[in-house]
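Letters A, B, ... mirror the listed sequences (proteins, then strands); counts begin at 1.
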Protein chains: 2
Amino acid sequence: METQTLGTGHPTAKRPGNPTLEDLAVAAGVSRSTASRAINGGYKVSPQARAAVDRAVAALGYIPNQAARSLVTRRTSSIALVIPEPDVRVMMDPFFAIVITGISEALRETDMQLVLLMSRNDDDSSRALRYLRGGHVDGAIVVSHHKADSWAKSLAGTGLPIVFIGRPWDTSIDVTYVDTDNYEGGRLAAHHLASTGRKRLGTIAGPADMTVATDRLAGWTEGLREAGLQQGPVAHADFSTAGAQEAALRLLDDAPHLDAIFAASDLMALGVMNALIAKGYSVPDGVALVGYDNHAIAADTAVPLTTITQPIAAMAAKAAELLLQKLDDPAIQHPPFIYPAELTIRASTPPVP
Amino acid sequence: METQTLGTGHPTAKRPGNPTLEDLAVAAGVSRSTASRAINGGYKVSPQARAAVDRAVAALGYIPNQAARSLVTRRTSSIALVIPEPDVRVMMDPFFAIVITGISEALRETDMQLVLLMSRNDDDSSRALRYLRGGHVDGAIVVSHHKADSWAKSLAGTGLPIVFIGRPWDTSIDVTYVDTDNYEGGRLAAHHLASTGRKRLGTIAGPADMTVATDRLAGWTEGLREAGLQQGPVAHADFSTAGAQEAALRLLDDAPHLDAIFAASDLMALGVMNALIAKGYSVPDGVALVGYDNHAIAADTAVPLTTITQPIAAMAAKAAELLLQKLDDPAIQHPPFIYPAELTIRASTPPVP
DNA sequence: TACTTTCATGGGAGCGCTTCCACAAAGCGT
DNA sequence: ACGCTTTGTGGAAGCGCTCCCATGAAAGTA
């Protein structure tokens, strides 16, 4: 390492920049303490002092220095959304977009800001961890949590309030999470397909290292059992269209006589549809198809998609809300919050002719 | 389980919080100054002192308090990505996902973190502005900039380094931006459709208050002129599938004899396709279709989509890179950085029979 | 009137960190 | 030997803010 850092210009010796609280106080003709109080809710501040400060704020365009503030308050007014996903494709899943907007919505009326933290590998994930532990944020929401991720354990020790979206693997320690009823979603898919008269059902499940995927699969399996159908073939994919397409091709090689497929996400259902068409199956009469998420695109495909609808935005908003509560009272305990899944029937699952 | 016992281990007495630099120094047997130097690159620190500090860091799990650090350095090690979009649907555009990943990629080797700032209306946008000016971030990247947004003006005064993705409206003040050649993209679309023998061409353009949209439209218009075709009908939509679908229906009402449509995004092309099918047109033989972006989905639609490919990730990464340079040297001037657009031909634009 | 209680205020002590500065200890020419 | 620079070091001064506390004024109570 050369001595590059110190060589170049030093950071603006005198700061004509933003006015400080001191400047504000002088301009308002009060003390720094009073100015501070006036700014922070005005408790124990006379109306005239408060008005003077307000005027000075406007005149100077005063904006508090957040670093100084959080140095003493130990609050940063921002929370992190941790997305431990390595791949661009996964980020494109509308799931994340909805989660982000859901959280934003919940944060609207607060002064909290959302910091997006994407980690890609062990290296980065420790970097992300450093960030979280460095006092950068007051709390974190973790989404798309994989089995190998050690967020729960690593963060539990730090005392950083944290809420998971989607049940984490390790629920032994006290973790707060919100989720949708993925088990029931899988079950609904199985029952619905059975009710249309399909007999040979397969599924493209999500990654085996995510509870959201295993739960849907478990529900699906149970649904098949309840319907008196035999267990069909299962292939795992990564929730992406391309991944599912490939998985579906494998699945169809192994089990060419399927008459229905349940894909654990709408994006994956698209991939399955591509695979089916490529293989010459007719959809939906030859092979029926059920997706998951009720993504906007599900209604607009060539064959509109029957799918499992889940309130992702509400769930994300709830996660944010729970986190805010935890920030308020770190000792608070939240039971898991599970949203229902429901079936949305479209053209991709007609009754058997 | 109502037991309020403190079963979960917590050494949280009063403030066992993170160890401070002072603690570190004591543990390493050096002064606070030396510990600080050792941590920050080790300039003018003896190897043994440095080793001692490193050991102490590991032993204590020391992580610097970012607030204290940035209070004095006036650096926060994070930059904001500002997305002035009010609507969930827009967030779902893969464009943003790619931008985010592109920026993340560029930031990988730095210790910079990305803060996502979404603003929804005037109220929030001033909140976002406060955030930016509050010393929360070292710089900002603004994407999806609308005409009415006053980011450029508002931020120019603060001295906050800022880079736009997509040419901003007001380039009078010195703004840095990266973009793709939207004009050329529009032109390519027109020329390609003309070359297939289409004569009556319409377009679904993006919002009239975004340069990215007006540039594509201008290029399209010029392309038509160059090809000797008459100007066709134009409808504007908001880059969403649903919006484009509606716009396309209007467009087709006004001009039912179109034999080709250029949609200014792939998502909008999907909407156009839906509208065409709903209206009983045959795609692509009756009406050819060109999209924009080359989104993953463009290749997977029922009729694979001819589209304009643009290097969004590269552009976003470049924006981040330029911003980092500006952080290093605020005085640096960057000329606009424009990436090329290129045509990707698929099945949606066959030659006229 | 004398007293307690409330309220508003400013002084001052940090929060944890970087960095200026003085200073001692080498290095190294002559 | 002598100056001279180079290097490593610790002390101390803040960065801008919050908040405890002492102080005095106003208001309530006797």
Between [atom2] of [N] and [atom1] of [X], the distance in whole Å:
X: A:Asp23; N: D:dG16; atom1: CG; atom2: P; result: 9 Å
X: B:Ile63; N: C:dG16; atom1: CD1; atom2: C1'; result: 14 Å
X: A:Leu21; N: C:dG14; atom1: CG; atom2: P; result: 19 Å
X: A:Gln48; N: D:dA25; atom1: CD; atom2: C1'; result: 13 Å
X: A:Ile39; N: C:dA8; atom1: CD1; atom2: C1'; result: 17 Å
X: A:Arg75; N: D:dC17; atom1: CZ; atom2: C1'; result: 16 Å
X: B:Tyr43; N: C:dT19; atom1: OH; atom2: P; result: 12 Å
X: B:Arg50; N: D:dG8; atom1: CZ; atom2: P; result: 12 Å

Given [options], which nucleotide is nearest the side-chain atoms of [X]?
X: A:Arg69; options: D:dG16, C:dG16, D:dT18; value: D:dT18
X: A:Arg32; options: C:dC17, C:dG10, C:dG12; value: C:dG12
X: B:Lys44; options: D:dG8, C:dC15, C:dT18; value: D:dG8

Checklist entry - Does A:Asp170 have any salt bridge (charged side-chain N to carboxylate O under 4.0 Å, His left out) partners at least two apart in sequence or in another chain, and if so, which? => result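 Here no residue qualifies.
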
Next on the checklist: Regarding D:dG10, can its base be found pairing with the side chain of B:Arg37 as donor and acceptor, where the two atoms are less than 3.5 Å apart?
Outcome noted: yes

Hey, does the side chain of [X] come within less than 4.0 Å of [N]'s phosphate (OP1/OP2), counting only N and O?
X: A:Ser46; N: C:dT9; value: yes
X: B:Thr73; N: C:dC17; value: no
X: B:Asn65; N: C:dC15; value: no
X: B:Ser31; N: D:dG11; value: no

Are the side chain of [X] and the backbone of [Y] linked by a donor-acceptor contact shorter than 3.5 Å?
X: B:Ser70; Y: B:Thr73; result: no
X: B:Asn18; Y: A:Arg133; result: yes
X: A:Ser78; Y: A:Val115; result: no

If you look at every strand shown and take non-hydrogen atoms under 4.0 Å, does [X] touch a base, only sugar-phosphate, or nothing?
X: B:Ser36; value: base
X: B:Ala49; value: sugar-phosphate
X: A:Ser33; value: base
X: B:Tyr62; value: sugar-phosphate

Checklist entry - Between A:Thr34 and A:Ser31, do the side chains contain an N or O donor and an N or O acceptor separated by less than 3.5 Å? => result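 The answer is yes; a qualifying pair exists.
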
Checklist outcome for this item: Walking DNA chain D from its 5' end, the first of B:Ala68 and B:Thr34 to be reached, judged by nearest nucleotide, is B:Thr34

Next on the checklist: Can you tell me how the ring of A:His145 sits relative to the ring of A:Phe164, calling it parallel under 30°, perpendicular over 60° and tilted otherwise?
Outcome noted: perpendicular

Checklist entry - Taking for each residue the nucleotide of DNA chain C bearing the nearest heavy atom, is the 5' side occupied by B:Glu22 or by A:Pro47? => result A:Pro47

